Visitor: 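Here's a structure for you.
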Amino acid sequence: MNSLEKFKKKKDFLICIDSDGCAMDTMDIKHIKCFGPCMINQWNLEKWKSPILKRWNEVNLYTLTRGINRFKGLALALEEINERYIPVEGLNEFIDWTHSTKELSNESLERQIKIQKQNITCLKKALDWSRAVNASINELKDEEKLPFDGVYIGIKEAKKFADVAIVSSANEQAVLEEWKKHGLLDNVDIVLTQNTGSKAYCISKLVEKGYDRNNVLMVGDAVGDLDSAKLNNILYYPILVKKENQSWSRFTNETLELFISNAYKGKYEEKVIKEFKENLSGDK
């Protein structure tokens, strides 16, 4: 299911769906309970815990940088911490890696540490942090990792007309476990996560399977999802923060029909993207 090389186009339409914060109601809980607190512990930031966690949640959940890759989000946070609170040893080397690597994953970071050898303090801490985050996520209770209302029926309806791909920057094991537990994988053709490459890269490789770009839709909840769609000249449908259930209902009852009848592109897509940007900018 996860092999780009073996994946073959079966239908004329393709729908790519993000996981955390889009299909799964897991984004808030993972950042609030796992990502931020693990950073506090790894860099001994308990003294400034409250303002740092507040900024972490603003950047990663409630503004236009929502959904940023974990390592890029960490780089932004550590830059602020370095400026406002304490020096972060090896920060520049870590930031350089986030800009230069083609794969923002634990495996890529491990390779960089072996290659670089010097000034790797921040690189090693970032890897330990990421591993701690994954372990912390695994400890979350099942009732804290549920799909949004309407996701199951939405994906089931989508599968009638389109090939369905998960395109996520999250940890592969977590995505597979969460989607399988709730029966969502039954209507999914391929799962692409952080270890495959960026969302833009994954979409580009899927499009190469023979889809007309006007027949490919990315469903996401963050600006990174929109950017990945536009880089590949495909369509975008937003799941609005704090309005996820309504967004999925609209997808099933309105958007899907417009998409498969080639009536989505244009005014309708422009309208929903405008709503999306306003929702994340606080301009409601």
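Just so it is clear, the structure is predicted and the values come from calculations on it, not from any experiment. No hydrogens, no waters, no symmetry mates; every other heavy atom, side chains included, goes into these values.
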Visitor: Around Lys124, counting heavy atoms of other residues, nucleotides and ligands shown, do more than 12 lie under 6.0 Å from its NZ?
Guide: no
Visitor: Measure the spacing between CG of Leu184 and CD1 of Ile17 and express it to the nearest 0.5 Å.
Guide: 9.0 Å
Visitor: Ignoring hydrogens and geometry, is there a side-chain-to-backbone donor-acceptor pair from Trp179 to Ser19 under 3.5 Å?
Guide: no
Visitor: Using the rule side chain to side chain donor-acceptor pair (under 3.5 Å), only one of Asn106, Asn134, Asn171 pairs with Arg70; which is it?
Guide: Asn134
Visitor: Got a donor-acceptor contact below 3.5 angstrom from the Thr98 side chain to the Phe71 backbone?
Guide: no
Visitor: Indicate, with yes or no, if Ile166 and Leu235 share a hydrophobic cluster defined by side-chain heavy-atom contacts under 4.5 Å among Ile, Leu, Val, Met, Phe, Trp and Tyr.
Guide: yes
Visitor: Answer yes if the side chains of Thr101 and Glu103 hold a donor-acceptor pair under 3.5 Å, and no otherwise.
Guide: no
Visitor: For atom CD of Glu89, decide whether the heavy atoms of other residues, nucleotides or ligands shown that lie under 6.0 angstrom number more than 12.
Guide: no
Visitor: Does a salt bridge link Asp225 with Lys199, judged by any charged N lying under 4.0 Å from a carboxylate O?
Guide: yes
Visitor: As an exercise, state the distance from CD1 of Ile137 to CD1 of Ile29, rounded to the nearest 0.5 Å.
Guide: 10.5 Å
Visitor: May I have the step-by-step check of side chain to side chain contact (heavy atoms under 4.5 Å, CB included) for Arg250 and Tyr237, ending in yes or no?
Guide: CA-CA 10 Å; Arg250 179 168 66 175; Tyr237 177 75; 3.3 Å; yes
Visitor: Examine the side chains of Asn57 and Asp28 and answer whether a donor and an acceptor come within less than 3.5 Å of each other.
Guide: no
Visitor: Return the CG to CD1 distance between Asn233 and Ile203, rounded to the nearest 0.5 Å.
Guide: 11.5 Å
Visitor: Flag the pair Lys274 and Glu278 as a salt bridge only when some basic side-chain nitrogen lies within less than 4.0 angstrom of an acidic carboxylate oxygen.
Guide: yes
Visitor: Please determine if Lys145 and Asp25 form a salt bridge, counting it only when a charged side-chain N lies under 4.0 Å from a carboxylate O.
Guide: no
Visitor: Contact between Val272 and Glu275 at the side-chain level, heavy atoms closer than 4.5 Å - yes or no?
Guide: yes
Visitor: Do Met39 and Ile52 have side chains that get closer than 4.5 Å, going by heavy atoms?
Guide: yes
Visitor: Do the side chain of Asn253 and the main chain of Ser249 share a donor and acceptor less than 3.5 angstrom apart?
Guide: yes
Visitor: What residue pairs, at least two apart or across chains, pass side chain to side chain donor-acceptor pair (under 3.5 Å) with a residue in residues 33-46?
Guide: Lys33-Glu144
Visitor: Quick one: are Cys22 and Val219 in side-chain contact, heavy atoms under 4.5 Å?
Guide: yes
Visitor: Ignoring hydrogens and geometry, is there a side-chain-to-backbone donor-acceptor pair from Ser281 to Lys277 under 3.5 Å?
Guide: yes
Visitor: Does atom NZ (Lys271) have a neighbourhood of more than 12 heavy atoms from anything else shown, all under 6.0 Å?
Guide: yes
Visitor: Testing the basics here: between Tyr201 and Ser204, what is the closest heavy-atom pair and its distance to 0.1 Å?
Guide: O-OG, 2.6 Å
Visitor: List in chain and number order the residues that pass side-chain contact (heavy atoms from CB on, under 4.5 Å) with Gln246, two or more places apart in sequence or in another chain; answer none if no residue qualifies.
Guide: Lys243
Visitor: Rounded at 0.5 Å granularity, tell me how far CG in Asp186 sits from NZ in Lys156.
Guide: 9.5 Å
Visitor: Out of curiosity, Ile234 CD1 to Asp212 CG, how far, rounded to the nearest 0.5 Å?
Guide: 11.5 Å
Visitor: Could you walk me through whether Lys181 and Glu178 satisfy the salt bridge (charged side-chain N to carboxylate O under 4.0 Å, His left out) test, starting with their C-alpha distance in whole Å, then the side-chain angles of each, then the deciding distance to 0.1 Å, before giving a yes or no?
Guide: CA-CA 5 Å; Lys181 181 174 182 60; Glu178 291 161 9; over 6 Å; no
Visitor: Using a strict threshold of under 4.0 Å (side-chain N to carboxylate O), is an ion pair present between Asp189 and Lys159?
Guide: yes
Visitor: Linking I/L/V/M/F/W/Y whenever their side-chain heavy atoms sit closer than 4.5 Å, directly or via other members, would Leu104 and Val223 fall into one cluster?
Guide: no
Visitor: Does Lys160 pair with Glu157 as a salt bridge, N-O distance under 4.0 Å?
Guide: yes
Visitor: Would you say CD of Glu257 has more than 12 non-hydrogen atoms from neighbouring residues, nucleotides or ligands within 6.0 angstrom?
Guide: no
Visitor: Please determine whether residues Trp56 and Ile68 belong to a single hydrophobic cluster, defined as Ile, Leu, Val, Met, Phe, Trp and Tyr linked transitively by side-chain heavy-atom distances below 4.5 Å.
Guide: no
Visitor: If you measure only the distance, is there a donor-acceptor pair under 3.5 Å linking the side chains of Ser169 and Asn69?
Guide: no
Visitor: Does the side chain of Leu206 come within less than 4.5 Å of Asp163's, by heavy atoms?
Guide: no
Visitor: Residues two or more places apart in sequence or in another chain: which of them pass ring pair (Phe, Tyr, Trp, His ring centres under 6.0 Å) with Tyr264?
Guide: Tyr268
Visitor: Is there a donor-acceptor pair closer than 3.5 Å between any side-chain N or O of Asn82 and the backbone N or O of Val88?
Guide: yes
Visitor: Is there a donor-acceptor contact under 3.5 Å from the side chain of Thr196 to the main chain of Leu192?
Guide: no
Visitor: For Val59, is there any backbone N or O sitting under 3.5 Å from a side-chain donor or acceptor partner on Thr65?
Guide: yes
Visitor: Any salt bridge linking Glu58 with Arg55? Criterion: basic side-chain nitrogen under 4.0 Å from a carboxylate oxygen.
Guide: yes
Visitor: Hey, are Glu5 and Lys209 close enough for a salt bridge, meaning a charged N less than 4.0 Å from a carboxylate O?
Guide: no
Visitor: Would you say the side chain of Leu176 lies within less than 4.5 Å of the side chain of Leu185, judging by non-hydrogen atoms?
Guide: yes
Visitor: Give a yes or no on whether the ring-centroid distance for Trp48 and Tyr85 is below 6.0 angstrom.
Guide: yes
Visitor: Any side-chain heavy atom of Ile120 within less than 4.5 Å of one from Glu93?
Guide: no
Visitor: Pair Asn187, Val164 - check side chain to side chain contact (heavy atoms under 4.5 Å, CB included), show working.
Guide: CA-CA 7 Å; Asn187 293 299; Val164 175; 5.8 Å; no
Visitor: Please confirm whether the backbone N or O of Ala126 pairs with a side-chain atom of Ser130, one donor and one acceptor, at under 3.5 Å?
Guide: no
Visitor: Linking I/L/V/M/F/W/Y whenever any side-chain heavy atoms sit under 4.5 Å apart, do Tyr62 and Leu76 land together?
Guide: no
Visitor: Within the supplied structure, the quantity of interest is the number of heavy atoms (other residues, nucleotides, ligands) at a distance under 6.0 Å from Gln118 CD; does it exceed 12?
Guide: no
Visitor: Flag yes if Leu127 and Phe35 sit in one hydrophobic cluster, no otherwise; membership is Ile, Leu, Val, Met, Phe, Trp, Tyr, and two members link when side-chain heavy atoms are under 4.5 Å apart.
Guide: yes
Visitor: Is it true that, when you exclude Lys10 itself, more than 12 heavy atoms of the residues, nucleotides or ligands shown sit nearer than 6.0 Å to its NZ?
Guide: yes
Visitor: Nearest heavy-atom pair of Tyr211 and Lys11: which atoms, and what distance?
Guide: CE2-O, 3.3 Å
Visitor: Answer with yes or no after comparing the ring centroid distance for Phe276 and Tyr236 against a 6.0 Å cut-off, counting only values under it.
Guide: yes
Visitor: Nearest 0.5 Å, what's the CG-SG distance between Asn232 and Cys202?
Guide: 10.0 Å
Visitor: Look at the rings of Trp248 and Phe251 and say which category their plane angle falls in: under 30° parallel, 30 to 60° tilted, over 60° perpendicular.
Guide: perpendicular
